[in-house]
Amino acid sequence: MDVVLKAKKIRSELERFSLSTVKLFPKAEKAEHIWSTKFGGKPYWPKGKIYPVSDDGAKLILLAKLNFDELPKLDQYPKSGMLQFFIEDDDVYGMKFDRPIKEVISSPRGYWVICHPDFERNELHLENDLPETNDESYLPA
């Protein structure tokens, strides 16, 4: 079987696993709320909940936050709630090159993905002293 036919066969087999997507186009503007969808900046975090940290105990920084209330509704995705992606604030953003991929997926270190099915909209109930991406990071703030 030639390479083109093999690629088409693989693609057709994988298409049954495909999901709808939403394209996000970041804008350099301040988020309306701490719970708004955004890249970088200050994370949303409820008081009293244990915050994600690196192996050495340093608080992770926010890579991205998706508020499903603000996004188009898609089948097989949450209709509400929030998903946050955290990474280490180091030169490789927490990547562990010496760990096998299976271990990286099954035992996160240097990154966390947190789902908040319901979230607090009263900022008095949220942590205020949290790390933020800054001008020295290459992430959007």
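Numbering starts at 1 and runs along the sequence shown.
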Check your understanding: With under 30° as parallel and over 60° as perpendicular, where do the rings of Trp35 and Phe119 fit, or are they tilted in between?
Key -> tilted

Point to revise | Closest non-hydrogen atom pair, Leu5 against Asp2 | key: N-OD1, 2.9 Å

Exercise for review: Apply the test side chain to side chain contact (heavy atoms under 4.5 Å, CB included) to residues Tyr44 and Lys65: give CA-CA distance (whole Å), side-chain angles for both, the deciding distance (0.1 Å), then the verdict.
Suggested key: CA-CA 8 Å; Tyr44 162 92; Lys65 180 186 328 160; 4.1 Å; yes

Review point. Would you call Asp129 and Lys47 a salt bridge, using N to O less than 4.0 angstrom?
Key: no

Practice item. Kindly check if the number of other-residue, nucleotide or ligand heavy atoms within 6.0 Å of CG (Asn122) is above 12? Key: yes

Study note, to complete from the structure: In this structure, CG of Leu62 is separated from NZ of Lys38 (nearest 0.5 Å) by 6.5 Å

**Study point:** NZ/Lys102: more than 12 non-hydrogen atoms of other groups inside 6.0 Å
**Key:** no

Review point. Pro46 and Glu127: which non-hydrogen atoms are nearest, and at how many Å?
Key: O-CG, 3.9 Å

Exercise for review: Kindly check if the number of other-residue, nucleotide or ligand heavy atoms within 6.0 Å of NZ (Lys8) is above 12?
Suggested key: no

Review point. Do Cys115 and Met82 touch side chain to side chain, with heavy atoms closer than 4.5 Å?
Key: no

**Study point:** Donor-acceptor under 3.5 Å (Lys42 side chain, Asn128 main chain)
**Key:** yes

**Study point:** From CA spacing to verdict: side chain to side chain contact (heavy atoms under 4.5 Å, CB included), Arg11, Leu14
**Key:** CA-CA 5 Å; Arg11 181 179 177 89; Leu14 290 176; 5.8 Å; no

Review point. What pair of heavy atoms forms the shortest contact from Leu60 to Tyr51, and how long is it?
Key: O-OH, 2.9 Å

Review point. Are Phe68 and Leu24 connected in the hydrophobic side-chain network, where two residues link if heavy atoms are under 4.5 Å apart?
Key: yes

Point to revise | Least distance between heavy atoms, Pro131 atom then Ile61 atom | key: CB-CG2, 4.1 Å

Study note, to complete from the structure: Nearest heavy-atom approach of Leu66 to Leu71 is CB-CD1, 4.1 Å

Check your understanding: In Å and rounded to the nearest 0.5 Å, what is the CG to OH distance from Leu63 to Tyr111?
Key -> 13.0 Å

Point to revise | Rounded distance (nearest 0.5 Å) linking atom CD1 of Ile34 with atom CD of Glu120 | key: 13.0 Å

**Study point:** Lys49 to Trp45, cation-pi by 6.0 Å centre distance and 45° axis angle
**Key:** yes

Practice item. With rounding to the nearest 0.5 Å, note down the distance linking OG in Ser80 to NZ in Lys73. Key: 7.0 Å

Review point. Roughly how far apart are Phe86 CZ and Lys59 NZ, rounded to 0.5 Å?
Key: 11.0 Å

Exercise for review: Please answer whether the main-chain N or O of Thr37 pairs with a side-chain N or O of Glu70 as donor and acceptor at a distance below 3.5 Å.
Suggested key: yes

Check your understanding: Taking Ser20 for the side chain and Leu74 for the main chain, is one N or O donor matched with an acceptor at less than 3.5 Å?
Key -> no

Check your understanding: Within a strict 4.5 Å, meaning less than it, do heavy atoms of the Val22 and Tyr77 side chains meet?
Key -> no

